[in-house]
J.: 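One structure coming up, written as structure tokens, with questions to follow.
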There are 2 protein chains.
Amino acid sequence: MKALRYIASQNNKIITVSELVKKLRIPHSFLRKILQILNKKRILKSYKGQGGGFMLALKPDEIFLADLIRIFHGPFKFNDCLFVKKKCPEVNSCILKRKIDNIEQRVIAELKSITLESLLQ
Amino acid sequence: MKALRYIASQNNKIITVSELVKKLRIPHSFLRKILQILNKKRILKSYKGQGGGFMLALKPDEIFLADLIRIFHGPFKFNDCLFVKKKCPEVNSCILKRKIDNIEQRVIAELKSITLESLLQ
DNA sequence: GTAAATGATACCATTTTAGTATCATTTATA
DNA sequence: TATAAATGATACTAAAATGGTATCATTTAC
Ligand code: FES
Ligand code: FES
């Protein structure tokens, strides 16, 4: 998120990992890996070769925290009731599951409402 | 939760792990460990020796999902921004952190509103 | 042709997760 | 009072996730 914020703040300039490393004090390889993932997931565009780097592929108000979390953390599931790798048989009738699913939906809605734009102060 | 629901449903009877295992098809040792923890955390009371077992230590409407999650999962923190084990320096000014803390508070409030009582249909 | 950039991918140590297993202690009761 | 039925304490484990690092390959501007 720090990297995305920085990139967004330099609108439509190509930013290299090295520049980000200097500004953000995040290790080079670590940051590079993250940006590569964001590129694959079409949040960033990348340009190879000398003079290359990264740019936003979307406008800041089209980049949602919910999507970024899904990219790095995997799909949301607060609540898949397993046992020894097998799904709980009550999964379709369970009151608790219904309540938690409900909370999950509300959280996802809130995470969707947080855009990169909304983090640019 | 399944075990607590079962125990609650047999109000004020002492329930053994073996009985729960039969009803709930959860492995004995696993369930035992869980109930031991709940006993230590004063959600259950235990009685040792023959004729022993477990009972609720609180009324079902005094047992909150939020507390059970804290017991097994540890404290809530959706959001402690670390780097190589060190806290992020922006932790006090970060807009994103504030937004996430906010969501966390709302989720905790909802988890507090789910009592064992509310799961007894 | 070379340096500066990303792409792909393999690697690693540590911690967490999701349980299992075992021995010790307590207590009712035959 | 011996025994069986219960929990208490605690050690153990395999597998996965976490939080990164490192390296070689490729592209491209100059
Ligand atoms: S879905 Fe498994 S107990 Fe609720
Ligand atoms: S608290 Fe670390 S970047 Fe927000």
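Labels below follow one simple rule: chain letters A, B, ... track the order of the sequence lines, proteins then strands, and each chain is numbered from 1. Everything numeric here is computed off the predicted structure, so don't read it as measured data.
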J.: Can I get a per-line list of side-chain donor-acceptor pairs under 3.5 Å for residues 110-121 of chain A, giving both atom names and the distance, sequence neighbours left out?
T.:
from     : atom 1 : to       : atom 2 : distance (Å)
A:Glu110 : OE1    : B:Arg106 : NH2    : 2.1
A:Glu110 : OE2    : B:Arg106 : NE     : 3.2
A:Glu110 : OE2    : B:Arg106 : NH2    : 2.9
A:Ser113 : OG     : A:Glu110 : O      : 2.7
A:Thr115 : OG1    : A:Glu117 : N      : 3.4
A:Thr115 : OG1    : A:Ser118 : N      : 3.0
A:Ser118 : OG     : A:Thr115 : N      : 3.2
A:Ser118 : OG     : A:Thr115 : O      : 2.7

J.: I'd like to check the ring pair (Phe, Tyr, Trp, His ring centres under 6.0 Å) partners of B:Phe30; sequence neighbours left out, ordered by chain and number.
T.: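 Per chain and number, B:Phe30 pairs via ring pair (Phe, Tyr, Trp, His ring centres under 6.0 Å) with A:Phe83.
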
J.: Roughly how far apart are B:Leu4 CG and B:Ile34 CD1, rounded to 0.5 Å?
T.: 9.5 Å

J.: One pair to check against side chain to side chain contact (heavy atoms under 4.5 Å, CB included): B:Met55 and B:Leu44. What are the steps and the verdict?
T.: CA-CA 6 Å; B:Met55 258 181 54; B:Leu44 294 176; over 6 Å; no

J.: Using a strict heavy-atom distance below 4.0 Å, which residues from residues 45-53 of chain B are in contact with DNA chain D?
T.: B:Ser46, B:Tyr47, B:Lys48, B:Gly49, B:Gln50, B:Gly52, B:Gly53

J.: Are A:Leu20 and A:Ile26 close enough, and set up right, to give a side chain to side chain contact (heavy atoms under 4.5 Å, CB included), and what steps lead you there?
T.: CA-CA 8 Å; A:Leu20 288 165; A:Ile26 296 175; over 6 Å; no

J.: Sort by first number and list every stem of DNA chain C: at least 3 consecutive Watson-Crick or G-U wobble pairs, both distances under 3.5 Å.
T.: C:1-30 with D:1-30

J.: To the nearest 0.5 Å, what is the distance between CG on B:Leu56 and CD1 on B:Ile43?
T.: 9.5 Å

J.: Give me each pair satisfying side-chain hydrogen bond (donor to acceptor under 3.5 Å, both in side chains) with a member in residues 27-38 of chain A, each pair once, sequence neighbours excluded.
T.: none

J.: Could you grab the distance from atom SG of B:Cys94 to atom NZ of A:Lys2, nearest 0.5 Å is fine?
T.: 8.0 Å

J.: Give me each pair satisfying side-chain hydrogen bond (donor to acceptor under 3.5 Å, both in side chains) with a member in residues 64-77 of chain B, each pair once, sequence neighbours excluded.
T.: B:Asp67-B:Arg70

J.: Among all residues two or more places apart in sequence or in another chain, which pass the side chain to side chain contact (heavy atoms under 4.5 Å, CB included) test with A:Gln105?
T.: A:Ile108

J.: As a quick check of understanding, evaluate side chain to side chain contact (heavy atoms under 4.5 Å, CB included) for B:Phe76 and B:Val107, giving each step before the final call.
T.: CA-CA 10 Å; B:Phe76 295 100; B:Val107 169; 5.7 Å; no

J.: Quick check against the 3.5 Å criterion: does B:Asn79 have a side-chain atom that pairs as donor or acceptor with the backbone of B:Lys97?
T.: yes

J.: Students should find this one: the first and last nucleotides of DNA chain C, 5' to 3', lying under 4.0 Å from a heavy atom of chain B. What are they?
T.: C:dG19 to C:dT29

J.: With the threshold set at under 4.0 Å for non-hydrogen atoms, list the residues of residues 68-77 of chain A touching DNA chain C in residue-number order.
T.: none

J.: Step through the shown structure and confirm whether more than 12 heavy atoms of other residues, nucleotides or ligands are within 6.0 Å of CZ on A:Arg25.
T.: no

J.: For nucleotides 19-22 of chain D, print each protein N/O atom paired with a nucleotide N/O atom at under 3.5 Å, atom names and distance only.
T.:
from   : atom 1 : to      : atom 2 : distance (Å)
D:dG20 : OP1    : B:Val84 : N      : 3.2
D:dG20 : N7     : A:Lys33 : NZ     : 2.9
D:dG20 : O6     : A:Lys33 : NZ     : 2.9

J.: Quick test of your reading: applying side-chain hydrogen bond (donor to acceptor under 3.5 Å, both in side chains), list the pairs with at least one residue in residues 39-60 of chain A, sequence neighbours left out, ordered by first then second residue.
T.: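 Passing the test, one end in residues 39-60 of chain A: A:Asn39-A:Ser46.
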
J.: Sequence neighbours left out, cut at 3.5 Å: what donor-acceptor pairs do the side chains of residues 7-19 of chain B make with other protein atoms?
T.:
from    : atom 1 : to      : atom 2 : distance (Å)
B:Ser9  : OG     : B:Tyr6  : O      : 2.6
B:Thr16 : OG1    : B:Ser18 : N      : 3.4
B:Thr16 : OG1    : B:Glu19 : N      : 3.1
B:Glu19 : OE2    : B:Tyr6  : OH     : 2.7

